[in-house]
Amino acid sequence: MASAAAQLALSAQTNSPGIILGLDRAATADADEPSLLLKELASLDWVTPTPHTEQTQGTASLKASGTSEDRQELLRAAVNREPSVDELSAILVTPEYLTGYQRTRLLDLFATRYSENDADFEKVARDYRKRDAELMQGVRIINTQNTQLVGTSTRVPVQLRNSLPFDAKVSVGVVPASAALSVTESHFSDVAVAAEGTSRILVPVRSRVSSGESGLVVNVTDNSGDLTVDTRTLPISISSVVETIALWVLGVLAALLLGFGIWRSVRRRRTTAKVTAPRE
């Protein structure tokens, strides 16, 4: 509305005999009542709408400009990526949200406003491809540094990140990478991960050796198990001997404190007995 009114105002200042405004369909596609745009323009003081029947007649020739091969290739690549994005709807609480979201983005990419030579469509397509790559990450496992297992049993945290703009629910399967570890609970279903947020699960793990290197193989799927979203191996260093040494040290310290307390108690009693003994 502002752009069209400005063009009409400039034409009025130059005493233009008439002007034809071409409205991009994308400009009014989201409007509830597109006809209001024309009514508002017609109400301006410097505008005199003219019916098409009263327009000056003339002849014109149209030449097909066509679409550049580069733009066609970029659009073709975007269309080919759409199924890869749509299949991730299986992990969403409301699957149809992602399909509608992706289709709206694709239609916007095909908008005629990007067909002009100065539209820099390559940058638009590059940003579109970058967003596609973010969406196709789905729910992924966040890489962590080497986890140190200092006891025979513990709960290892597994962080999940949702790159989609909608809430997701996934299943997580965990298996040890070697016989050095055992997992008492290996499957977690209906793990909720908020839109563009994170979630954490705690995996109970027991070590079978005193020291060594191992890991956990984590697999993220939809609840049906048909679609695998991400699979990673989280490295774990086992040092349960540290726990044994710590327990021995704590035990020795506790025994020393107990012995010292008994010694002080006995000494105090002897001192009290000497003080209270009757003098001859």
Side-chain angles (χ1 to χ4, degrees), residues 1-86 88-89 92 94 96-137 163-167 195-197:
M1 172 63 192
S3 176
Q7 292 185 48
L8 291 173
L10 292 174
S11 298
Q13 292 176 0
T14 57
N15 296 320
S16 174
I19 184 174
I20 297 177
L21 296 179
L23 299 180
D24 189 342
R25 60 187 178 189
T28 58
D30 296 333
D32 295 331
E33 297 183 46
S35 60
L36 288 179
L37 175 62
L38 300 178
K39 293 180 181 179
E40 291 291 337
L41 292 176
S43 65
L44 298 176
D45 295 337
W46 59 88
V47 175
T48 302
T50 304
H52 70 281
T53 55
E54 299 180 10
Q55 297 288 342
T56 303
Q57 296 182 358
T59 60
S61 61
L62 298 178
K63 296 181 180 180
S65 60
T67 304
S68 67
E69 184 62 29
D70 292 340
R71 185 168 187 265
Q72 290 183 21
E73 184 61 30
L74 292 173
L75 291 172
R76 190 179 298 112
V79 172
N80 292 336
R81 289 193 303 269
E82 186 182 15
S84 300
V85 177
D86 289 344
L88 293 173
S89 61
L92 297 180
T94 310
E96 56 269 22
Y97 282 179
L98 182 60
T99 304
Y101 174 78
Q102 185 66 8
R103 183 54 55 89
T104 301
R105 293 182 60 242
L106 188 61
L107 291 176
D108 181 73
L109 187 66
F110 273 80
T112 56
R113 62 177 176 273
Y114 297 134
S115 62
E116 301 295 336
N117 294 330
D118 57 349
D120 194 5
F121 185 72
E122 290 186 1
K123 180 182 181 303
V124 175
R126 186 166 58 251
D127 294 340
Y128 187 93
R129 182 172 61 251
K130 181 180 178 181
R131 180 55 176 163
D132 277 352
E134 294 174 352
L135 294 174
M136 284 189 287
Q137 289 180 348
S163 300
L164 299 172
F166 309 106
D167 295 342
E196 298 181 349

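Just so it is clear, the structure is predicted and the values come from calculations on it, not from any experiment.
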Nearest heavy-atom pair of [X] and [Y]: which atoms, and what distance?
X    : Y    : answer
L74  : A125 : CD1-CB, 3.8 Å
F121 : L75  : CZ-CD2, 3.5 Å
L135 : L164 : O-CD2, 3.3 Å
L8   : L41  : CD1-CD2, 4.1 Å
A5   : L44  : CB-CD1, 4.0 Å
L106 : A78  : CD1-CB, 4.0 Å

With sequence neighbours excluded, residues passing side-chain contact (heavy atoms from CB on, under 4.5 Å) with [X]:
X    : value
T104 : none
E54  : T50, P51
L36  : E33, K39

Checklist entry - Does R113 come within less than 4.0 Å of D108, counting only side-chain N to carboxylate O? => result yes

Partner residues of [X] under the salt bridge (Lys or Arg N to Asp or Glu O under 4.0 Å) criterion, sequence neighbours left out:
X    : value
E40  : none
D132 : R81, R105
D127 : K123

Residues in side chain to side chain donor-acceptor pair (under 3.5 Å) with [X], at least two apart?
X    : result
E122 : none
E82  : R103
S163 : Q137, R140
R129 : none

Checklist entry - Can you tell me how far the CG atom of L109 sits from the CZ atom of R131, to the nearest 0.5 Å? => result 14.5 Å

Checklist entry - At what distance, to the nearest 0.5 angstrom, does CE of M136 lie from CD of E134? => result 10.5 Å

Checklist entry - Side chains of E196 and P165: closer than 4.5 Å at any heavy-atom pair? => result yes

Item to check | D167 vs L92 side-chain heavy atoms within contact, under 4.5 Å | outcome: no

Next on the checklist: Test of understanding: with ring-ring contact (aromatic ring centres under 6.0 Å, His included), list the residues that count as partners of F166, not counting sequence neighbours.
Outcome noted: Y97, Y101

